[in-house]
Amino acid sequence: MRTLSLLFGAALCMGQVCFTPAGDQVVPRAEKANAAAPAKNVEAHESTTGATVAEAIPGNTPLTEQQIQEIEAIRLTDESFAKAYAAGDAAAVAAHFTVDAEYVDELGNVFQGRPAIEESLKTFFEENSSCILEMNIDTVRFISPGIAVEDGSTTMNRGDNGDPIDSRYTTVHVKADGKWLAASVRDHAPKDRRQHKAQLEQLSWLMGDWIDEGDDSIVSFSCKATDSGNFLLREFAIEIAGRKAMSGTQRIGWDPLTGKLRGWIFDSEGAYAEGLWHRDEDSWVLKTIGVTADGQAASSTSIYRQINDHTMTWQSIDYEIGGVQIPDSEVYTIVRQAPVPTVDAASPAVTQDDK
């Protein structure tokens, strides 16, 4: 059964938050830091719901003194956030959110509640030090005396980790106990920004060489970035009873038309397939449709789960060939291959007698 499921599933089934590099919180630019900047360019008008709305619009009538003071308080809150962010203090940054706040990054990952946001920040700061965020506030709208919506753009500088990354955001602030806190933050990429590399970072844990060894078969996988990092290229090979049975490739890339990660698979027998990746809690799911080497329609769903940096599991389910249902495979455990030892020519070789 193992051998059959490997051969049937491999071709069609080859196939991570933290605050992501392009979408974190908002911070004020130094040139926008004075209180008069937003206060002079605002307009008060009635919304279609009857609520008073205040927007920062150049050349219009100033708000009331109270609204000006509230905008300044929000700006100072953003400034406080920026200082905590630059210090890499996850707890201090998370304190700017309400207890039940929701954060949605531009990849669509949802972090519900202050503890989850703080935990994601810890992970992010461990992997990205010395991050500085700059913000340009576009509008501040008062939905009610205690609720304000802020829209703007951010630029994140990651020190030596690449070029600055631009993003856009919407933050819903609520006033509690005299303080403005973020109840909801949503990030989204600018329409003209190419997201291929950033989106592929979600699958960066697939990178490297992997192997699954059974009693009569060996499946090896390798994954590397290609084409300037715009695609991931996965190669696989299956050996049964010491002989090569099948090999193939899968190319994974960001599809800007659908806004999803897409995979294209080809095997050495002549079969091909394509499908979409999506995240389901702690697993990644790849659903594919394709054609076998002898011309039969086929479809399958692969489920991948990262256990740790060196271990993942894989299972093929809902697999059909020519309308015939194939039983689900077992859950395979795939481990990262250890690097091949090298011998320094200048050093004496290690022999059995030396041990």
Side-chain angles (χ1 to χ4, degrees), residues 16-29 77-136 150 152-172 181-190 193-208 225 229 232 254 261 277 279-284 305-310:
Q16 247 155 234
V17 251
C18 67
F19 282 127
T20 54
D24 297 278
Q25 256 283 359
V26 294
V27 293
R29 297 178 185 270
T77 297
D78 290 342
E79 190 175 83
S80 172
F81 180 98
K83 292 179 180 178
Y85 197 95
D89 189 337
V93 175
H96 291 76
F97 293 82
T98 61
V99 173
D100 57 351
E102 178 183 78
Y103 171 72
V104 182
D105 67 22
E106 63 180 47
L107 301 180
N109 298 314
V110 180
F111 304 90
Q112 192 67 53
R114 185 187 292 166
I117 293 172
E118 181 178 346
E119 187 62 31
S120 296
L121 282 163
K122 286 180 181 178
T123 301
F124 179 77
F125 289 141
E126 288 173 359
E127 299 174 353
N128 301 271
S129 59
S130 304
C131 289
I132 303 297
L133 287 173
E134 298 178 350
M135 182 193 77
N136 181 28
E150 176 185 345
S153 60
T154 63
T155 298
M156 186 175 75
N157 297 279
R158 295 189 290 168
D160 297 332
N161 293 329
D163 296 331
I165 300 175
D166 296 322
S167 185
R168 298 196 59 79
Y169 69 90
T170 297
T171 300
V172 178
L181 298 175
S184 173
V185 178
R186 290 179 178 267
D187 290 319
H188 41 276
R193 194 185 82 202
R194 295 185 177 182
Q195 304 179 59
H196 300 71
K197 293 181 182 179
Q199 296 287 352
L200 279 174
E201 287 186 10
Q202 300 177 87
L203 295 177
S204 62
W205 56 276
L206 289 172
M207 300 279 282
L232 294 181
W254 174 249
L261 290 167
W277 289 80
R279 189 166 187 170
D280 184 7
E281 297 182 351
D282 62 347
S283 299
W284 277 93
R305 183 168 178 261
Q306 183 185 20
I307 305 302
N308 53 48
D309 290 342
H310 304 286

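Source: prediction; values computed, not measured. Each residue takes its place number in the sequence, starting with 1. Below, all heavy atoms of this structure are taken into account, side chains as well, without hydrogens, waters or symmetry copies.
Among residues two or more places apart in sequence or in another chain, the side chain to side chain donor-acceptor pair (under 3.5 Å) test is passed with Asp309 by none. For Arg305, the salt bridge (Lys or Arg N to Asp or Glu O under 4.0 Å) criterion is met by Asp282, not counting sequence neighbours. Every residue two or more places apart in sequence or in another chain was checked for a side-chain contact (heavy atoms from CB on, under 4.5 Å) with Ala95, and none qualifies.
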Trace of the side-chain contact (heavy atoms from CB on, under 4.5 Å) decision for His96 with Ser80: CA-CA 9 Å; His96 291 76; Ser80 172; 2.9 Å; yes
Step-by-step side-chain contact (heavy atoms from CB on, under 4.5 Å) determination, Glu201 to Lys197: CA-CA 6 Å; Glu201 287 186 10; Lys197 293 181 182 179; 5.7 Å; no
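With values rounded to the nearest 0.5 angstrom, Trp277 atom CH2 is found 11.0 Å from Leu200 atom CG. Once rounded to the nearest 0.5 Å, the distance linking CG of Leu261 with CH2 of Trp284 reads 5.5 Å. Thr171 OG1 to Leu181 CG: the interatomic distance, rounded to the nearest 0.5 Å, is 12.0 Å. Atoms CG and CG, from Asn136 and Asp166 in turn, are 10.5 Å apart once rounded to the nearest 0.5 Å. For the atom pair CD of Gln112 and CD1 of Ile117, the computed distance is 8.0 Å after rounding to the nearest 0.5 Å.
Between Asn308 and Gln306, the shortest heavy-atom contact is O-CG, 3.3 Å. Leu232 and Ala225 make their closest contact through CD2-CA, 4.1 Å (heavy atoms, listed as atom of the first residue, atom of the second, distance). Between Ala84 and Ala92, the shortest heavy-atom contact is CB-CB, 3.7 Å. For the residue pair Gln199 and Glu106, the shortest heavy atom distance occurs at NE2-O, 4.2 Å. Between Leu121 and Ala94, the closest heavy-atom pair is CD1-N, 4.0 Å.
Thr170 places a side-chain heavy atom less than 4.5 Å from the side chain of His188. Counting heavy atoms from C-beta on, the side chains of Phe125 and Val93 come closer than 4.5 Å. Taking 4.5 Å as the limit, some side-chain heavy atom of Glu150 sits within range of a side-chain heavy atom of Tyr169. Side-chain contact check for Ser120 versus Tyr103: every heavy-atom pair is 4.5 Å or farther apart.
For Asn109 (side chain) and Asp105 (main-chain N/O), no donor-acceptor pair under 3.5 Å exists by modelled atom type. Side-chain N or O atoms of Arg279 include one that pairs as donor or acceptor with a backbone N or O of Glu281 at under 3.5 Å.
Using bins of under 30°, 30° to 60° and over 60° for the plane-to-plane angle, the ring pair Phe81/Phe97 lands in the perpendicular bin.
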